[in-house]
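Notes to accompany the following structure.
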Amino acid sequence: MQSFDYMFEGMEQQDKKVLSNLSKMGQQLKKLQEVMDKKEEEYERAKKEFQHFANVVLPQQMYAAGVDSVTLAGGGNLKVKYNYYCQPNKNAEDRKVIADWLQAHNGGHLIEESASVSPDDIALLKQSGIPYAECSNINTLKLKAFLKDGIGVTSGQQQFTLEDIPKCIHFQVVPTVEISE
């Protein structure tokens, strides 16, 4: 093992104590990091177990029992809550499918239409009859709100079903159970 005594030549005794103390504190910091890492791993495992129970096990059992909420004997409540997710595809073909579906279901107001042309065609665009590409953009949050309203979540009046929504919209309803005191 190599000695590093040459590094301490000419050092005062007090300086050596400071360095020794810093070394000890560094070792303590290393131990604390190991403890923290272990606790984080335990937390992640517990979090996954909790989420599985709250998002899969309890919602299925409560659905099977035909209940939306339960008062616990020891105090508190369990209540099924629904989370809604919407992630529409962004490719041109699917955007067209989504835009056409929205037009057919009174959602045309969600479509932000624009047109683009090649820079070479800008001068020609000023004349009539120049073909252009339509670009349909749809705000995802507005789309999600429209879909929730359409299936009757917010309005209480269903206009279409989940099965009617095009698959390329990727609209999901995910139940979870929340506990309250």
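Please read all numbers here as calculations on a predicted model, not as lab measurements.
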Checklist entry - With a 3.5 Å cut-off and no angle check, do the side chains of Asp149 and Thr154 form a donor-acceptor pair? => result yes
Non-hydrogen side-chain atoms of [X] and [Y] separated by less than 4.5 Å:
| X | Y | answer |
| --- | --- | --- |
| Asn89 | Val97 | no |
| Leu143 | Phe171 | no |
| Lys47 | Gln51 | yes |
| Ile98 | Cys168 | yes |
| Leu72 | Asn77 | no |
| Ile151 | Phe160 | yes |
| Met62 | Asp68 | no |
| Ile111 | Gln103 | yes |

Next on the checklist: Can you tell whether the side chains of Lys81 and Glu178 come within less than 4.0 Å, N to carboxylate O?
Outcome noted: yes
In Å and rounded to the nearest 0.5 Å, what is the [atom1] to [atom2] distance from [X] to [Y]?
| X | Y | atom1 | atom2 | value |
| --- | --- | --- | --- | --- |
| Gln172 | Cys86 | CD | SG | 9.5 Å |
| Lys24 | Leu22 | NZ | CG | 11.0 Å |
| Asn55 | Lys48 | CG | NZ | 14.0 Å |
| Leu102 | Leu110 | CG | CG | 5.5 Å |

Decide if atom [atom1] of [X] counts as having more than 12 heavy atoms of other residues, nucleotides or ligands within a radius under 6.0 Å.
| X | atom1 | result |
| --- | --- | --- |
| Gln87 | CD | no |
| Lys90 | NZ | yes |
| Tyr63 | OH | no |

Is it the case that one hydrophobic cluster holds both [X] and [Y], taking links as side-chain heavy atoms less than 4.5 Å apart, direct or via other members?
| X | Y | result |
| --- | --- | --- |
| Tyr84 | Leu147 | yes |
| Val70 | Ile179 | yes |
| Trp101 | Leu162 | yes |
| Val173 | Val67 | yes |
| Tyr82 | Leu78 | yes |

Checklist entry - Could you walk me through whether Lys144 and Tyr85 pass the side-chain contact (heavy atoms from CB on, under 4.5 Å) check? => result CA-CA 7 Å; Lys144 181 171 84 170; Tyr85 300 96; 5.9 Å; no
Checklist entry - Would Ile138 and Glu112 count as a side-chain contact (heavy atoms from CB on, under 4.5 Å) if you check the C-alpha gap in whole Å, the side-chain angles of each, and the deciding distance to 0.1 Å? => result CA-CA 6 Å; Ile138 300 161; Glu112 301 166 4; over 6 Å; no
Checklist outcome for this item: Of Arg45, Glu40, Glu44, the one forming a side-chain contact (heavy atoms from CB on, under 4.5 Å) with Glu42 is Arg45
Checklist entry - Any idea which heavy atoms bring Val80 and Pro175 closest together, and the distance? => result CG1-CB, 4.2 Å
Item to check | Intermediate values then yes/no, side-chain contact (heavy atoms from CB on, under 4.5 Å), Ile169 and Asp94 | outcome: CA-CA 8 Å; Ile169 291 179; Asp94 286 339; over 6 Å; no
Next on the checklist: Please determine whether side-chain contact (heavy atoms from CB on, under 4.5 Å) holds for the pair Met36 and Gln33, giving the CA-CA distance in whole Å, both sets of side-chain angles, and the decisive distance to 0.1 Å.
Outcome noted: CA-CA 5 Å; Met36 189 173 71; Gln33 177 71 47; 3.5 Å; yes
